[in-house]
Each structure stands twice: as C-alpha cells, then as structure tokens.
Amino acid sequence: MRILSCLSITLLAVLISTAQTITGVVVDTHGSAIRDAEIAVRDGTTVESRTRTNDDGSFSIVATIGPRSRLSVVARGFALFERSLANDSVRSFTIVLQPAEVTGDVTVSITGIPTRLAETPASVVALDRETLETTAAQTTDDLLRQIAGFSLFRRSSSKTSNPTTQGANLRGLAGSGASRASVLLDGLSLNDAFGGWTYWSRVPRVAVERIEVLRGGASSLYGTSALSGAIAIETGVSDKDPVLRIETSGGTQSSFDAGVFGWYSRSKWSVSVAAEGFQTAGYIPAAEDERGLADTEANSRHGSGLVTIQRSFGSQLSNRVFVRGNLFGERRDNGTRLTNNRTYFRQAAGGADLSNSRFGTFQLRSFIETQVYDQIFSAISNNRNTETLSRIQRVPSQAKGASLIWSRPLKQHLLTGGIEYREVRGFSDETVFANGIANSLVGSGGHERSVSVFFQDAWQVAARLNLHLGARFDQWTNFGALSATRNIATGITATTVFPDRAENSLSPRVAAVYEIDPNLSIFASYNRSFRAPTLNELYRAFRVGNVLTLANADLDAERADTFESGLNYSGLKRRVWLRGNFFHAAVSDPVVSVTLSTTPAFTTRQRRNVGRTRAAGVEFDGEFRVRPDLKLSAGYLFVDSRVSAFPASPDLVGNFVPQVARHQMTFQAAYSPSRLSIALQGRIAGRQFEDDLNSLKLRPYLTGDVFASYRLTEEVQIFTAVENILDTRYDIGLTPNLTVAAPRSLRAGLRFDLLKR
C-alpha cells in the first residue's frame with residue numbers, strides 16, 4: 001500500500017510538471033495590443049522560458065509547470081504583471097497591463113538587462129513620451145537639463161552654442177567640450193567620431209519615444225566616452241501602428257520649427273520616416289555692458305532626417321533585419337560678424353535581430369558615415385569694436401564600425417556578450433591669418449582603430465538578491481598621424497610625423513541589489529570606465545574669442561574608478577518613489593585645458609592630462625503622484641569635484657574642476673486634468689569656474705520653464721511654451737569676456753497625433 005501511495009504521488013508530480021503551451025494576448029487598459037512585451041515563466045528564481053509578444057500583442061510559450069511556476073510580463077511604461085500558474089488550469093490569457101504608477105515601476109534596459117527601475121543596481125533616470133510632451137524645452141539637451149547632474153560645456157544650449165561645446169557630462173567628472181557620456185540613438189552612437197561632442201539636432205524631437213540616462217561609469221557596456229555614464233535615446237513606438245505625428249511652432253527670436261514622424265507596417269514590412277527643420281535668429285551672447293561693434297546674434301538653423309525600413313520574419317517580432325539612413329546639415333553664426341560654422345553629415349546603418357530558443361538572441365549592427373565640419377575663427381580687439389580673421393578650418397572625417405551582441409537566459413543567469421569594431425579617420429585643414437592676412441596653411445590629423453570584447457552576467461542569486469558581473473576589454477591604435485605647416489610667403493613646408501601608438505583598457509563592473517521588502521531595496525556597485533582622447537584633442541587646435549587652445553598628440557586615456565551605493569523606496573500605495581545614493585569617482589589622467597600664458601589681450605591653453613581628479617557627492621531623485629492627473633518630481637546633486645594630484649603643476653591641487661557646479665537641483669510639476677495640461681520645470685545651479693586656475697567665476701542661477709497645452713480633439717492639440725520665464729541672464733562663459741544665457745523666449749504651436757486606436 002505504501003508503494004502504491006509513493007507511485008501515485010510520483011505520477012501526480014510528473015503530471016503537474018509536464019511541459020505545456022501557454023498562449024495569450026497582452027493589451028493596455030484601452031484594449032490596444034502591446035507588442036514586444038517580455039513574457040517569462042519562472043520556477044522560483046529560475047527562468048524556465050522566455051519570449052516576446054508579436055505585432056498583435058499575442059504570444060505562445062512552452063514551459064514546464066511546477067508548484068512554484070509563475071508567469072510574468074514586462075513592458076516599458078507599464079507596471080509589472082505576475083500570476084501564479086501552479087494551481088491554475090487556465091493556459092490561455094488576456095493580460096491587461098496597467099500604466100506604471102510611479103517612475104520606479106518603469107522598465108529600463110540601459111544597463112543591458114531589462115529590469116524595473118526600482119530593482120536596477122545603478123542610478124538611472126527614465127523620461128517617457130508623456131514627460132517629453134509636457135516640457136517647454138525645444139531641444140533634446142535642454143530637455144535633459146531636468147535631470148540633476150546633466151550638463152553641457154559652459155552651461156550652453158545647443159540652440160545657439162558651437163557644436164564643439166555640446167559634449168554631455170554627468171556628475172561633474174570633467175569640464176571640456178568632449179562628451180564624457182556615451183550618447184546613443186537607437187543603439188548607434190551620437191557622439192561625433194572625430195571630436196567626441198554630440199550633435200543633439202541630429203535627432204528629430206517628434207520621433208523620440210523615450211530617453212534613459214545612466215549616471216556613473218558605463219564603459220563595461222558602452223566603452224569609450226562612457227566615463228561618466230550613458231544616454232540612450234529611442235525613436236519609434238512600441239504599441240501603436242500606424243502612427244503620424246506632426247508638430248510645428250513659432251515664437252520670439254524669429255524661431256520656427258517643424259517636425260514629422262510616420263510609422264507604417266504591412267504584413268512583415270514596416271517603414272518609419274522622421275524629419276525636422278529648425279531656425280532661430282538667436283540673441284547676442286556677449287554681456288550688454290561689454291558689447292562692441294563686432295558682436296552680433298548667435299543663431300542656428302538645421303535640417304535632419306531619418307528613414308528606416310524593416311522586415312520581420314518568423315513567429316517572433318524580435319526577428320528582423322533593417323536599414324537606416326540619417327542626413328543632417330546645420331549652419332551657425334557664433335556671436336560675432338565673422339565667426340560661423342557648418343556641418344554636413346551622412347550615415348548609412350543596418351542590422352539584424354535574431355532570436356532562437358536554443359542558442360539565444362543575436363543583435364548585429366553596422367554603420368558607415370561621413371562628415372565635413374567648417375569653422376571660422378577671429379581675433380577681437382579689447383574694446384570689441386574690430387574683428388579680424390584668425391583661422392579658417394575644414395575638418396573632413398569618416399567612420400565605420402560594426403558590433404555583434406549575444407544574450408541567453410540560463411537558469412538563474414542572463415548572459416550577454418559581444419564584440420565591436422570601429423575605425424575613424426579625420427584631418428583638420430586650416431588657413432592661419434595674421435593681421436587679417438593669410439600667412440600659413442596647416443594640416444593635421446590621423447586614424448584611430450579600436451576593437452572591443454565584453455561579457456555580462458545578471459545572476460539571480462536568491463529571490464531577493466541580484467548580482468551583475470561584467471567586464472569589457474578595449475584596444476585602440478592611433479596611426480598615420482602627422483602635422484604639416486606651409487609658409488605661404490616662402491613655400492617652405494615643415495612636417496611632423498607622429499609615431500603610431502596603442503593603448504588598451506579593461507573595464508570591470510560589479511553591482512548588486514537586495515530587496516529588503518517589496519517597497520525597499522538597496523544597491524551597491526563598482527565600475528571602472530575610460531575615455532580615449534579623440535582625434536580632435538590629439539591633432540586639432542581651436543580658438544574661442546581671445547583664447548587659443550592647442551592640441552596635444554601625447555594625450556593618454558582618462559580612466560575612472562567609481563564606487564556608489566544607495567536605496568530605492570516606494571510607498572503610499574506606490575504613489576511615491578525615492579532614490580538616493582552616494583558616489584565617489586577617482587579619475588586618472590583627466591584631460592583639462594591648462595593655461596600656459598595669459599595677458600589682458602590673449603590667453604593660450606593646451607589640452608593636458610592633469611594627473612588625478614576626484615568627484616564625490618550625493619544624489620537624490622523622487623516622484624510623487626499626488627493624484628492620477630498631478631505629478632511632482634525633483635532631483636538634487638551635490639558633487640565636490642577637485643584636482644587631487646598634478647605633479648607638473650602642484651599649485652592646481654585642490655582647485656575645482658572647471659565648468660562643474662557643486663550644487664544642482666531640478667524640479668518639475670505636471671497637471672493634466674481632462675484636455676488641459678500644464679507643466680513647470682525649474683533648475684538651480686551653484687557657482688562654477690571657467691578655468692583651471694579658478695580665477696574666472698561663473699555665478700549661480702535659477703531658471704524656470706512653463707508649458708501649457710489644450711487638446712481640441714483626440715488628434716489635435718495646441719500649446720504654448722515659455723523658456724527662462726524669469727528672464728535670468730545667467731553666466732555661461734568667460735573667454736575672458738562674459739557671455740550670458742538667452743533671454744526669455746515664447747513660442748506657440750500645434751500638434752497632430754494620429755494613432756491606430
């Protein structure tokens with residue numbers, strides 16, 4: 001009898017654990033299909049099987065069902081869905097996902113692993129479409145200013161600043177124009193291949209669906225430029241098809257913009273088109289009491305376009321191939337009568353995503369791009385009434401690259417690995433003037449080739465403990481570099497051939513998050529990141545006003561060791577979300593523009609590795625859903641960023657790193673009752689210094705923006721936006737003349753948003 005009982009129990013367990021097919025459809029609260037949602041069946045902490053929803057929101061997954069089995073659904077912008085399968089005879093589901101109640105419920109993937117924000121062992125901020133549509137900011141970089149710790153060089157906006165100052169910096173790790181954050185557009189780099197700065201205008205704003213910002217070194221995932229973090233900009237839509245968005249506005253400073261984004265699919269083919277045109281007459285950046293006859297408006301105009309053609313195949317939406325073209329052109333006047341710059345950019349890209357239940361998921365990307373950048377520099381008299389040409393530059397560059405990324409779940413592990421290749425070629429051809437007369441021709445530049453491999457393991461050690469382990473190895477070579485100067489009067493050419501050189505970097509990462517209870521988790525991490533010097537820093541000199549900055553062919557890579565720890569909390573029935581963390585980043589060989597000589601009329605600097613700097617501080621982010629139509633959020637950063645060692649110039653030790661404010665605070669409020677939407681964004685920044693000597697001080701400031709819109713119909717919306725509503729003319733640069741931020745600006749516009757409903 002006992003034997004029969006044991007056999008019966010064994011047979012029952014076998015029947016319970018039989019592999020079964022689970023099907024269903026995933027929709028939102030309006031009944032619209034949610035595509036590309038991640039479906040997983042787990043046995044306790046082990047992932048038994050994983051898949052994604054198709055275009056119509058449907059899915060089918062085969063898994064062994066046991067006593068601890070549960071079904072989970074993860075989709076961006078929605079709260080996590082989970083359901084036990086152990087005692088449930090239903091094997092076909094209609095799953096309705098609820099909107100994420102607070103930011104912590106949102107799923108992010110910038111860390112390489114799709115996870116809820118509250119369970120991510122890193123400092124990540126996510127901006128969804130709702131946030132993007134209720135901000136007065138007209139450009140992507142101005143929109144990102146509502147994240148504490150984000151800044152561009154010299155506090156400037158991409159609407160009117162020179163592109164060489166538009167590199168992104170997070171947490172105050174460095175102060176120069178090259179970006180210390182890796183900026184990505186749909187997985188492809190937005191950082192300029194030659195100079196390292198970022199062309200924010202390359203991205204039509206109307207096409208942006210989501211932005212994720214990772215603060216803290218991210219080289220283990222993104223390699224060079226990710227010294228202080230990464231910014232992922234995503235276009236397209238995830239759950240609606242077809243789509244047609246049109247947005248246009250006009251306002252003060254003769255500003256006008258128009259953008260269109262369309263997405264359409266039929267059968268397994270889809271095409272998306274995004275285009276944008278923008279122009280502004282700008283403003284005079286020189287402080288009013290220092291202006292002369294040479295000063296005029298800093299203005300800009302640009303056009304950009306993205307076209308993507310995609311073909312899906314197989315039963316999974318994730319299986320696809322695509323090609324993309326990106327065109328971009330701009331012209332800027334830089335605030336004086338002679339200075340201006342132009343950019344012409346072309347890129348072709350393609351890729352494939354392949355998913356196989358046995359071998360995992362493969363992601364292939366490749367690109368080729370070409371660019372021409374033109375710049376005119378001038379010398380200005382002390383009274384700013386006369387201006388003469390000093391340099392005319394043309395910088396042609398080309399880049400190409402490819403990457404292959406593999407990922408596969410394996411019991412409690414999600415494994416990811418990949419390899420990348422990139423090659424950049426760029427030269428600076430310039431005519432140098434003295435007293436307005438051309439006296440020499442200078443050409444300089446070179447090549448860079450890099451190869452990288454990386455691996456990451458997301459390990460669910462226990463039900464409440466997750467561990468992320470990763471490392472990346474990068475090797476790059478600079479070769480074929482030279483500088484040639486020809487004296488026009490004598491015809492004599494002096495040539496310097498720079499020796500080939502190679503460097504490498506190992507970027508490990510260890511991170512852990514522990515869930516104390518469903519509302520509270522703690523995390524800690526260590527990572528090592530780096531940034532290789534760009535061809536621009538190595539070989540191209542430039543001039544801003546009466547400040548000449550020289551190139552340096554001997555620059556080494558910057559490297560940072562970052563430690564951080566913090567906690568995530570959600571409460572009040574998941575209406576409140578808070579994140580706070582401490583961080584400490586030690587940067588070796590940071591590249592800083594070091595002052596070599598200075599006179600009342602002229603300053604000479606050179607890019608140099610300054611030994612070591614240290615950035616330490618605290619960071620807070622929070623969101624409060626007061627009610628469904630009212631959201632309050634804020635962020636704060638305190639960072640003490642100083643030179644900690646500099647053998648060549650000991651007098652700089654203890655100085656603040658240039659262009660880094662110790663205090664930054666942002667706050668937002670969004671109220672959307674019925675058809676009306678009103679939003680307020682504010683930003684406070686403490687004082688900072690223009691130069692390495694800490695002799696040129698930029699004063700603290702407070703500024704705010706207001707946005708209001710009214711929906712006439714489901715598809716049509718009118719809006720108005722005011723930037724710098726307080727008309728704060730805060731300092732943005734001292735070169736050594738003071739330049740100030742743009743005055744208050746007002747614009748009004750129209751949006752048309754057609755979705756399949």
Side-chain angles (χ1 to χ4, degrees), residues 141 152-154 156 158 161-169 174-185 188-202 223-228 231 300 302 328-332 334 339-347 367 369-377 391-401 422-430 442-448 450 476 478 481 483 531-544 547-553 555 557-558 590-593 605-607 659:
D141 58 296
L152 301 188
F153 188 53
R154 290 200 174 96
S156 52
S158 68
S161 65
N162 191 288
T164 62
T165 68
Q166 293 177 24
N169 187 27
S176 69
S179 183
R180 267 66 177 194
S182 181
V183 186
L184 306 166
L185 173 62
L188 294 171
S189 178
L190 262 184
N191 297 113
D192 183 79
F194 177 81
W197 50 78
T198 304
Y199 283 104
W200 301 98
S201 303
R202 271 182 53 195
T224 188
S225 295
L227 187 82
S228 69
I231 300 170
S300 69
H302 73 258
F328 169 69
E330 73 169 9
R331 176 196 159 90
R332 297 170 179 269
N334 301 141
T339 57
N340 62 67
N341 66 269
R342 294 183 176 89
T343 301
Y344 307 92
F345 176 87
R346 308 290 183 267
Q347 183 189 69
F367 73 92
E369 65 188 38
T370 180
Q371 176 179 285
V372 176
Y373 174 75
D374 293 323
Q375 174 82 57
I376 296 178
F377 299 99
R391 291 173 183 250
I392 297 178
Q393 286 186 342
R394 165 156 288 201
V395 185
S397 62
Q398 302 84 38
K400 58 184 178 181
R422 189 179 78 149
E423 187 168 329
V424 183
R425 176 184 182 274
F427 285 83
S428 173
D429 301 317
E430 62 184 270
V442 179
S444 59
H447 300 70
E448 180 184 273
S450 62
W476 64 96
N478 294 106
S483 177
R531 187 187 71 88
T534 64
L535 296 180
N536 174 71
E537 292 170 304
L538 293 169
Y539 309 121
R540 173 182 170 265
F542 71 95
R543 179 168 177 161
V544 177
V547 179
L548 172 66
T549 302
L550 304 175
N552 186 349
L555 289 175
E558 302 173 323
V591 177
V592 174
S593 295
R605 296 174 183 157
Q606 185 182 40
R607 305 178 183 103
Q659 305 295 339

**Q** Taking side-chain hydrogen bond (donor to acceptor under 3.5 Å, both in side chains) as the definition, give me every residue that meets it alongside E369, ordered by chain and number, with sequence neighbours left out.
**A** Q347
**Q** How long is the span from the CG atom in L538 to the CG atom in N478, to the nearest 0.5 Å?
**A** 5.5 Å
**Q** Ignoring hydrogens, what is the shortest heavy-atom contact between A168 and V183? Give both atom names and the distance.
**A** CB-CG2, 4.4 Å
**Q** To the closest 0.5 Å, what do you measure between OG (S201) and CZ (R332)?
**A** 5.5 Å
**Q** Are the side chains of E330 and S300 in contact, using a 4.5 Å heavy-atom criterion?
**A** no
**Q** Using the test salt bridge (Lys or Arg N to Asp or Glu O under 4.0 Å), find all partners of D374 that sit at least two apart in sequence or belong to another chain.
**A** R394
**Q** Evaluate the side-chain proximity of T343 to R202: yes if any heavy-atom separation is below 4.5 Å, no if none is.
**A** no
**Q** Which atom pair, heavy atoms only, marks the closest approach of S428 to R540?
**A** OG-CG, 3.9 Å
**Q** List for me each residue that meets side-chain hydrogen bond (donor to acceptor under 3.5 Å, both in side chains) alongside S156, sequence neighbours excluded, and say none if there are none.
**A** none
**Q** Compare every heavy atom of A481 with every heavy atom of Y539, then report the nearest pair and how far apart it is.
**A** OH-CB, 3.2 Å
**Q** Under a plain distance cut-off of 3.5 Å, with no hydrogens placed, do D192 and Q371 share a side-chain donor-acceptor pair?
**A** yes
**Q** Under the side-chain contact (heavy atoms from CB on, under 4.5 Å) criterion, do Y344 and R331 qualify, and how do the steps go?
**A** CA-CA 9 Å; Y344 307 92; R331 176 196 159 90; over 6 Å; no
**Q** Can you name the nearest heavy-atom pair linking A557 to W476, along with the distance?
**A** CB-CZ2, 3.6 Å
**Q** To the nearest 0.5 Å, what is the distance between OG (S182) and CG (L227)?
**A** 11.5 Å
**Q** Atom CG in N340, atom CG in N162: separation rounded to 0.5 Å?
**A** 10.0 Å
**Q** Quick one: closest heavy-atom pair of L555 and P533, and the distance?
**A** O-CG, 3.7 Å
**Q** How close do A193 and V424 get, counting heavy atoms only, and between which atoms?
**A** O-CG1, 3.6 Å
**Q** I'd like to know if the side chain of S593 and the backbone of R605 have a donor-acceptor N/O pair within less than 3.5 Å.
**A** no
**Q** When rounded to the nearest 0.5 angstrom, what is the spacing between CD in E430 and CD in Q393?
**A** 4.5 Å
**Q** So, taking the atom named OG in S444 and the one named CG in L535, what distance separates them when rounded to the nearest 0.5 Å?
**A** 10.0 Å
**Q** I'd like to know if the side chain of Q606 and the backbone of A551 have a donor-acceptor N/O pair within less than 3.5 Å.
**A** yes
**Q** Between N169 and Q659, is any pair of side-chain heavy atoms under 4.5 Å apart?
**A** no
**Q** Do the ring planes of Y373 and W197 sit parallel (below 30°), tilted (30 to 60°) or perpendicular (above 60°)?
**A** tilted
**Q** Report yes if some heavy atom in the side chain of N334 is under 4.5 Å from a heavy atom in the side chain of Q375; otherwise report no.
**A** yes
**Q** Kindly indicate whether the side chain of R342, heavy atoms from C-beta on, has any atom under 4.5 Å from the side chain of V372.
**A** no
**Q** Residues two or more places apart in sequence or in another chain: which of them pass salt bridge (Lys or Arg N to Asp or Glu O under 4.0 Å) with E448?
**A** R422
**Q** Mind checking what makes ring pair (Phe, Tyr, Trp, His ring centres under 6.0 Å) contact with F194, not counting sequence neighbours?
**A** none
**Q** Sequence neighbours left out, what passes ring pair (Phe, Tyr, Trp, His ring centres under 6.0 Å) with F328? Give chain and number order.
**A** Y199
**Q** Would you call S158 and T198 a side-chain contact if the rule is heavy atoms closer than 4.5 Å?
**A** no
